[in-house]
Amino acid sequence: MSQAAMSETYDFLFKFLVIGNAGTGKSCLLHQFIEKKFKDDSNHTIGVEFGSKIINVGGKYVKLQIWDTAGQERFRSVTRSYYRGAAGALLVYDITSRETYNALTNWLTDARMLASQNIVIILCGNKKDLDADREVTFLEASRFAQENGKRIRSRKNGLRYSVWRCCLETAEITTKSTSTKCSGMWVLKKQNTTSNIFTLDTEAVRANGV
Amino acid sequence: MANDGGRKQFWKRSGTKVPGSIQHVYGAQHPPFDPLLHGTLIKPGSKPPTTPVKLKKVSTFQEFESNTSDAWDPGDDDDELLAIAAENLNTEVVMETAHKVIQNHSKLQEQHKFLEEHLQEEKQVESAELTSVACGDNRLVKSVSEGHTSSSSGNASENSSMQRSQSLPQTSTPPLVSGMADFNTSVTPALTEREASRLDKFKQLLAGPNTDLEELRKLSWSGIPKRVRPIAWKLLSGYLPANVDRRESTLQRKRKEYFAFVEQYYDSRNDESHQDTYRQIHIDIPRMSPEVLRLQPKVTEIFERILFIWAIRHPASGYVQGINDLVTPFFVVFVCEYIEEEEVENFDVSSLPEEVLQNIEADSYWCMSKLLDGIQDNYTFAQPGIQKKVKMLEELVSRIDEQVHRHLDQHEVKYLQFAFRWMNNLLMREVPLRCTIRLWDTYQSEPEGFSHFHLYVCAAFLVRWRKEILEEKDFQLHHRSESSCWLYSSQIPVIPNREETCHCQNGKEGEREAGSASPQCAVRREMDGTGALLELLIFLQNLPTAHWGNEEVSVLLAEAYRLKFAFADAPNHYKK
């Protein structure tokens, strides 16, 4: 995990969650986001792990405090206790596994109930490089996002708007950092600029394609 | 199971669950029992005041004193007694006595000066002698403690290693697994001799027609030599019978039984009802930390079978991530039985005969099952065992190191955020494998080692980092002075004009406005705490233990033993 944030300064501190079923590549995504490197020996997460990164959003420095949670069902009762106070969540599923996609509703319900009704969600369809085994189309995921998204009503300079911008930025960084490994494999679509759910397909985090 | 009965009887712990049981509560004396001090009492003469050993000890005593000072009300100390005494004394009498004392003293001092000149030379000679004794220190202290080992569950020996490791800087980084049993293979011949005699003791014990399990536990508590570890573990876990004649037949029966399970269940791994379990195991094994052997396809297969069979036969818990880690120590230790070379890491498992591999697989399965029998509630729905232990850890730490506890509390660090993994994976993610193996020597020698004693090891482990944990605060204070932060949280009401406030926080003098009003300050304080929280948690999840070896584990275990001794049966000890 990055400890580089030590001497840096920042204007905002946002808590972000990474949630989704086991084995969808949450930790790898986080690692790529923070270190901009692919990690192929990522052990499964037990409980929760942490990361942080400072990003620049519209001239403001935002420190993201990222809580990478364990995905296995049995850990649910524990991971739920980590949601409080989160401003955004990376909701990850595996495009080659419909089961992980079907679980999204539960994850979303949990996030809204335990963190905030207005939590901003970035929906990540991970493992884009295994497109041949794709079980969930991007359109399908977009529809899910549209149907479950909420319109953001906020003043242009309000804090909530900043969070939203921040998530957008996160989405972009996530996609960009994953794309460095295999360019042209990512898609970022803002299907509705005022929705609080973003949809994106990220590149697979497992190079050897398990 | 018959073995469990024997174990209980040996430890005679039946009284512990009964309230008001008559047991020694060592920590209840003043000053509380402390192995460090205790260690000093054993050989006070051999420590000249100038050695670093002594200095270290002074500092630890100070630490100890500051830790425990809260046990006493400031009021009822000596001062109060003196005050009471003073009231009954006439001032004149007091002054007179004082004068006498002073006069006496100055007379004596002159005499002393004279004497001292003569004594000086003698002293120098004496201290030179003492130093030479202390220079042989390691060997000496170790061999002294060795004498105690057999009689006191190895506690004394752990004490001495505690002193040693504090006085000696850790320089070498031991390899992952090799040399894990042979304490300091490369040090002095005297140590090797000591190890040899230890090994002999084990061999004698294991050779008899009936192995005395009680003796074996005593002996194993402070570490099992690598050569006898496989058999010792099988005996300690209750897998092998104590009777030598029955062992071979038991092994054969159990191995057969295991492979009957494999035949019965393993084909169902792709069935509708079991495929979730199997798939989870299947994706988890390759991504375990590639420490030892595990990435070899042969090993992956074995692990998958062991875990799948266990999960199917224990439906209440099923397979939970973390259980996979628990196979590794058994597997590695049992493989070591067939490897002559020290290098386990590079060993090609498939070079072993098929039959040997099958035996290792079955033995690992059964030993792991025995282990899991003791901690099943860690893995059942909602993981009540872990929740309970994390709570107990919190309560325990609040009593043994209030400062650390308060610090964590202030920064809103919840024990569940870091200790969950400690419980779920039995610290295996926190220390290198060689340390886990050494740790398990003791866990299997302790009653309820993997559940109850583990709690005290966790407490000792946390407190072990107290310095670093508390320093985090200073860093944060420094950090805060140059920058501040805002936390967006749904709990914090959105204050109008927030954008302007943000400029203020940015530390740009020009834009700083005087009116950083009070409600915002309150919010700000809360957020600073959260900033430190992350640093603390990241530290607690990435503890610098990569270089750890037997020394560190021994110290940890000794401390855990001390804590258990002082706190386990004294629920109100140091309680506020």
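For clarity, every value in this text was computed on a predicted model and none was experimentally measured. Chain A is the first sequence line, chain B the second, and so forth, proteins listed ahead of strands; every chain is numbered from 1.
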Taken to the nearest 0.5 Å, the spacing of A:Ser81 OG from B:Gln387 CD works out to 7.5 Å

One should read off an interatomic distance between A:Arg74 CZ and B:Tyr319 OH, to the nearest 0.5 angstrom, of 12.5 Å

On a heavy-atom basis, the closest approach of B:Gln541 and A:Val48 is NE2-O, 2.5 Å

Okay, A:Thr45 and chain B: the region with an atom under 4.5 Å from a heavy atom over there is backbone

Between the CD1 atom in B:Ile538 and the CZ atom in A:Phe50, the distance rounded to the nearest 0.5 Å is 8.0 Å

B:Gln280 and A:Ala22 have their tightest heavy-atom pair at OE1-CB, 3.6 Å

If one checks every heavy atom of A:Glu73 against chain B at 4.5 Å, the contacting part turns out to be neither

Closest non-hydrogen contact found for B:Ala382 with A:Ser77 is CA-OG, 3.3 Å

Applying salt bridge (charged side-chain N to carboxylate O under 4.0 Å, His left out) to A:Asp133 and not counting sequence neighbours gives none

CG (B:Leu534) and CG (A:Leu64) are apart, to the nearest 0.5 Å, by 10.5 Å

Honestly, the part of B:Phe418 sitting under 4.5 Å from a heavy atom of chain A is neither

Output for pair (B:Ile285 CD1, A:His44 NE2), nearest 0.5 Å, gives 8.5 Å

dist A:Ile46:CD1 -> B:Asp325:CG (nearest 0.5 Å) comes out at 7.0 Å

With sequence neighbours left out, the residues meeting ring-ring contact (aromatic ring centres under 6.0 Å, His included) with B:His314 are B:Trp310

Checklist entry - More than 12 heavy atoms of other residues, nucleotides or ligands under 6.0 Å from NZ of B:Lys414: is that the case? => result yes

In short, B:Leu416 meets A:Tyr82 closest at the heavy-atom pair O-OH, 3.1 Å

Applying a strict 4.5 Å limit to non-hydrogen atoms, the region of B:Gln417 in contact with chain A is both

If one checks every heavy atom of B:Asn424 against chain A at 4.5 Å, the contacting part turns out to be side chain

(Q) Tell me whether A:Lys63 is salt-bridged to B:Glu535, with the criterion being a basic N under 4.0 Å from an acidic carboxylate O. (A) yes

